Structure formats: C-alpha cells, structure tokens
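The shown structure was predicted, so the numbers you read here are calculated from the model rather than taken from an experiment. All residue numbers in this chain count up from 1 along the given sequence.
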Amino acid sequence: LYTKVFPVGAGAITNDVAIGLRTSVDIAEKVKRKYGYAVASDVPETNKVDLSLIDIHEEGIVPTKHVSEIIQDRTEEIFRLVQNELRKIKYDSLLPAGVILTGGGAKLSGIEDLAKSYFRLPVNIGKPHSLGGLTEKVYDPSYSAAIGLLLYSFEEKESKGGSKRVSTIYGKLKEIFKIFLP
C-alpha cells in the first residue's frame, strides 16, 4: 500500500546511549542489548550497570534507569516520525492489524510495551519464517528487511515468467547464505 524509509533506527539509539554514557559505540551497544529497556518507568531506580564488567578499559557505574530514559526518548522520536507519516497519508487510525516492528531494534526489551502505549494499537515483532532450507539463525527480526526484499524480488521475477532463472538465483543465494551459517 505504501512505503517510507526513515533514516533512523536502532543505531541512532546506540549513538545516543554512547553520548549519554560518554563511552564508545561498541560499549553502548553492549549496554543497550544487555541492560536496556524501552520503558524507563518500569526500571527500578536501584539497578546499576558497572561499565568495567563490560570492558576492562571502562569505568563508572551507571543507573540502568538513565540508560532506559535515553532509549525511550529516541525510540519515541522514531515512533513519532512513523505516526506523523501515518497521519500524513490518513492511515493513523486505519491499521486494524496493528504495528509490526522489525530490525535489530525490535529485539530491545520492552519495545512492544512502549509501541502499544504510543500507537494504541496491537504490536507484533516481525521476523522471517517458513524459509525452507535455512537455519533458525535467520528467523530473527534483524534479517526481516533483507529477506523480505529478496523474497519480494523473487516473486516479482516469477510473476514475469522468469521462474527457472529465479530458482537458479535462489539456489545460488542459499549456497552463499550457507557459507555464513553453521
């Protein structure tokens, strides 16, 4: 029905955490994944992150609530972009199936709860499924866009009569993916 690409995502959240904690992006990513939560009000004031346990070159103890506040602020900003776009095309109240979150950021703890309260719609995490011959490793929200684009391309080629060529390409892609998977 409609496609829009926003130039922000979970990487922007990581960058904000890095700035907020005055640390590297690598450390911020680890903190976000292990201790981050998308709804700051759900995080106890007493929970702390010892950065030296993540990397021996880091020092300091950071409240996880502070990390979650950073995450929630940026996540709500991303949701606001989506909501404004939905309003612009007059679909903000016409999503009976709700919102599907994909990408690596969809794995962030608490993001479903935040999205439900923000959009006031049902929320699900989208991830690839029913892909014959591929291992469980690709059944992850991080791969949704890439696999979705590949499948869309294959369907387009098949509908234009290129089924033999498409199956050859598909077979080659499966072999390429197998190189990266155990």
Checklist outcome for this item: So the side-chain hydrogen bond (donor to acceptor under 3.5 Å, both in side chains) pairs with at least one residue in residues 17-26 (sequence neighbours excluded) are T23-E58
Checklist entry - Listed by chain and number, what are the side chain to side chain donor-acceptor pair (under 3.5 Å) partners of R87, not counting sequence neighbours? => result N84
Return a table of donor-acceptor pairs under 3.5 angstrom between the side chains of residues 96-113 and protein atoms on other chains or two or more places apart.
unit_1	atom_1	unit_2	atom_2	d
K107	NZ	D140	OD2	3.3
K107	NZ	S142	OG	3.4

Next on the checklist: Count I, L, V, M, F, W, Y as connected when their side-chain heavy atoms are under 4.5 Å apart, and connections chain through other members. Are I70 and I19 then in the same cluster?
Outcome noted: no
Checklist entry - Side-chain heavy atoms under 4.5 angstrom apart, residues restricted to Ile, Leu, Val, Met, Phe, Trp, Tyr: same cluster for I125 and L121? => result yes
Checklist entry - Does one hydrophobic cluster hold both F6 and L114, with members joined at side-chain heavy-atom distances below 4.5 Å? => result yes
Checklist entry - When rounded to the nearest 0.5 angstrom, what distance separates CZ in F79 from CG in L86? => result 12.0 Å
Item to check | Contacts of E69 that satisfy salt bridge (Lys or Arg N to Asp or Glu O under 4.0 Å) - sequence neighbours left out | outcome: none
Checklist entry - When clusters are formed by joining ILVMFWY residues with side-chain heavy atoms under 4.5 Å apart, either directly or through shared neighbours, do F119 and L95 land in the same one? => result yes
Item to check | Side chains of V25 and N15 in contact at under 4.5 Å (non-hydrogen atoms) | outcome: yes
Next on the checklist: Can you tell me how far apart CD1 (I78) and CD (Q83) are? Round to the nearest 0.5 Å.
Outcome noted: 14.5 Å
Next on the checklist: For the CD atom of E85 and the OH atom of Y91, what is their distance to the nearest 0.5 Å?
Outcome noted: 13.0 Å
Checklist entry - What's the verdict on side chain to side chain contact (heavy atoms under 4.5 Å, CB included) for Y118 and R80, showing C-alpha distance, side-chain angles and the deciding distance? => result CA-CA 9 Å; Y118 190 88; R80 199 168 17 262; 3.3 Å; yes
Item to check | Path from I89 to L81 over hydrophobic side-chain contacts below 4.5 Å | outcome: yes
Checklist entry - So how far is it from K4 NZ to K88 NZ, rounded to the nearest 0.5 Å? => result 5.0 Å
What side-chain donor-acceptor pairs closer than 3.5 Å can you find for residues 29-36, not counting sequence neighbours?
unit_1	atom_1	unit_2	atom_2	d
E29	OE1	T14	OG1	2.6
E29	OE1	K32	NZ	3.3
E29	OE2	R33	NE	2.6
E29	OE2	R33	NH2	3.2
K32	NZ	A10	O	3.2
K32	NZ	T14	OG1	2.7

Exercise answer: donor-acceptor pairs, residues 42-56 side-chain atoms, under 3.5 Å, sequence neighbours excluded:
unit_1	atom_1	unit_2	atom_2	d
D50	OD1	S52	N	3.1
D50	OD1	S52	OG	2.7
D50	OD2	S52	OG	3.4
D55	OD1	H57	N	2.7

